[in-house]
Amino acid sequence: MVPISYYILLSAAIFSIGLFGVLTRRNALMFLISIELMLNAANLNFVAFSALHGNLTGQVFSLFILALAAAEVAVGIGIILVLYKNFSGIDVTKAVTLRW
């Protein structure tokens with residue numbers, strides 16, 4: 001049995017990498033990938049604590065987070081396509097106006 005502290009440290013490391021990516025990247029694709037890392041870190045915590053306590057609540061929450069991540073990707077790809085079409089690139093700092 002792996003101690004719960006290992007899972008928490010791994011989850012904190014993955015979440016920190018995702019947070020660093022969100023705060024420093026300008027590319028919209030890397031931004032979405034960083035958000036996915038943060039969601040996966042939360043999933044890891046939910047599943048680890050679910051296994052520790054012997055119930056399935058954390059795993060059910062993890063399934064809901066996976067569905068949320070799939071919806072986030074669908075909306076994010078739409079936003080990226082509009083960014084590329086209107087601003088000739090996917091740099092999020094170029095889109096500073098709400099005009100076409």
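All residue numbers in this chain count up from 1 along the given sequence. Please read all numbers here as calculations on a predicted model, not as lab measurements. Values below: every heavy atom of this structure, side chains too, minus hydrogens, waters and symmetry copies.
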Q.
Tell me the closest heavy-atom pair linking Ala41 and Ile14, and the distance in Å.
A.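 Shortest heavy-atom contact: CB-CG2, 4.0 Å.
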Q. Which heavy atom of Leu32 sits nearest a heavy atom of Glu72, and at what distance?
A.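 Heavy atoms only, the tightest pair is CD2-OE2, 2.8 Å.
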Out of curiosity, [X] [atom1] to [Y] [atom2], how far, rounded to the nearest 0.5 Å?
X: Leu68; Y: Ile35; atom1: CG; atom2: CD1; value: 10.0 Å
X: Leu83; Y: Leu29; atom1: CG; atom2: CG; value: 10.0 Å
X: Glu36; Y: Leu66; atom1: CD; atom2: CG; value: 9.0 Å
X: Phe31; Y: Leu23; atom1: CZ; atom2: CG; value: 8.5 Å
X: Leu37; Y: Phe20; atom1: CG; atom2: CZ; value: 13.0 Å
X: Asn86; Y: Leu81; atom1: CG; atom2: CG; value: 11.0 Å

Is there a side-chain contact between [X] and [Y] (heavy atoms, below 4.5 Å)?
X: Ile90; Y: Arg26; value: no
X: Asn55; Y: Ser50; value: yes
X: Asp91; Y: Asn27; value: no

Does one hydrophobic cluster hold both [X] and [Y], with members joined at side-chain heavy-atom distances below 4.5 Å?
X: Leu39; Y: Phe61; answer: yes
X: Leu19; Y: Ile65; answer: yes
X: Ile17; Y: Met38; answer: no
X: Val2; Y: Ile8; answer: yes

Q: I would like to know whether Phe49 and Ile4 meet side-chain contact (heavy atoms from CB on, under 4.5 Å); could you show each step before the answer?
A: CA-CA 8 Å; Phe49 282 111; Ile4 192 73; 4.0 Å; yes
Q. Ignoring hydrogens and geometry, is there a side-chain-to-backbone donor-acceptor pair from Ser62 to Gly58 under 3.5 Å?
A.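 No, Ser62 side chain to Gly58 backbone: no donor-acceptor pair under 3.5 Å.
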Q. Looking only at atom types and distance, does a side-chain atom of Ser11 sit under 3.5 Å from a main-chain N or O of Tyr7, one as donor and one as acceptor?
A.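 Side chain of Ser11 to backbone of Tyr7: no pair is present.
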